[in-house]
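I have placed the structure first, in the form of structure tokens, so that the comments after it can refer back to it.
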Amino acid sequence: MIIQKVKNIVKNGQKELYIQNAKAFANDLTHNEGCIAAGVFDGREDNEVSIISVWNSSEAMNSQAAAQTFLNHKSSLKPYFISNTAEIIESL
């Protein structure tokens, strides 16, 4: 199992709009084969939002379908977004 955590820094005053679009993205991720779950989480900082997804394999996480899902939502997330960092955690 693989957990992918993407911590996003969003523009001031745009957090709620980013969250709306991030939830749609996370929902669509769950329709990809191999995605066990995905969700949106409030961060510790005022302008921080994390998208966390759980996958059954790195192949599923890195699949063309998963990449296409991101591309389908990129334009709705980008106006509210400043930067992000990703962390991948793999089960032993």
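Just the heavy atoms: all of them, side chains too, but no hydrogens, waters or symmetry mates, feed the values below. None of the values given here were measured: they were computed from a predicted structure.
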> Honestly curious: do I51 and F41 fall in one hydrophobic cluster under the side-chain, below-4.5 Å linking rule?
Replying inline: no

>> Evaluate I3 against I88 for side chain to side chain contact (heavy atoms under 4.5 Å, CB included), listing each step before the verdict.
In response: CA-CA 6 Å; I3 299 170; I88 306 295; over 6 Å; no

>> Could you measure the distance from the OG atom of S50 to the CZ atom of R44? Nearest 0.5 Å is fine.
In response: 9.5 Å

>> Determine whether N32 and T69 satisfy the following criterion, side chain to side chain contact (heavy atoms under 4.5 Å, CB included), listing intermediate values before the conclusion.
In response: CA-CA 8 Å; N32 284 289; T69 300; 3.0 Å; yes

In residues 13-25, what donor-acceptor pairs under 3.5 Å come from side-chain atoms, sequence neighbours left out?
from	atom 1	to	atom 2	distance (Å)
K15	NZ	D42	OD1	2.4
K15	NZ	D46	O	3.0
Y18	OH	N8	OD1	3.2
Y18	OH	N8	ND2	3.3
N21	ND2	L17	O	2.8

>> In the structure I gave you, are the side-chain heavy atoms of M1 and N56 within less than 4.5 Å of one another anywhere?
In response: no

> Got a sec: does the CD of E33 have more than 12 other heavy atoms crowding it under 6.0 Å?
Replying inline: no

>> Using the rule that Ile, Leu, Val, Met, Phe, Trp and Tyr join whenever any side-chain heavy atoms are under 4.5 Å apart, tell me whether W55 and I89 fall into a single cluster.
In response: no

>> So which atom in A66 and which in S63 form the shortest heavy-atom distance, rounded to 0.1 Å?
In response: N-OG, 3.1 Å

> Going through the checks in order, is the side chain to side chain contact (heavy atoms under 4.5 Å, CB included) test met by V6 and T85?
Replying inline: CA-CA 6 Å; V6 180; T85 56; over 6 Å; no

> M61, V40: one ILVMFWY side-chain cluster at the under-4.5 Å cut-off?
Replying inline: yes

> For the side chain of S53 and the backbone of A38, is there at least one donor-acceptor N/O pair under 3.5 Å apart?
Replying inline: no

>> Let me check something: do V10 and F70 share a hydrophobic cluster, defined by ILVMFWY side-chain heavy atoms less than 4.5 Å apart, either directly or through other members?
In response: yes

>> So, taking the atom named CD1 in I2 and the one named CD in Q4, what distance separates them when rounded to the nearest 0.5 Å?
In response: 9.0 Å

> Is it true that L29 and F81 fall in one hydrophobic cluster, defined by side-chain heavy atoms closer than 4.5 Å?
Replying inline: yes

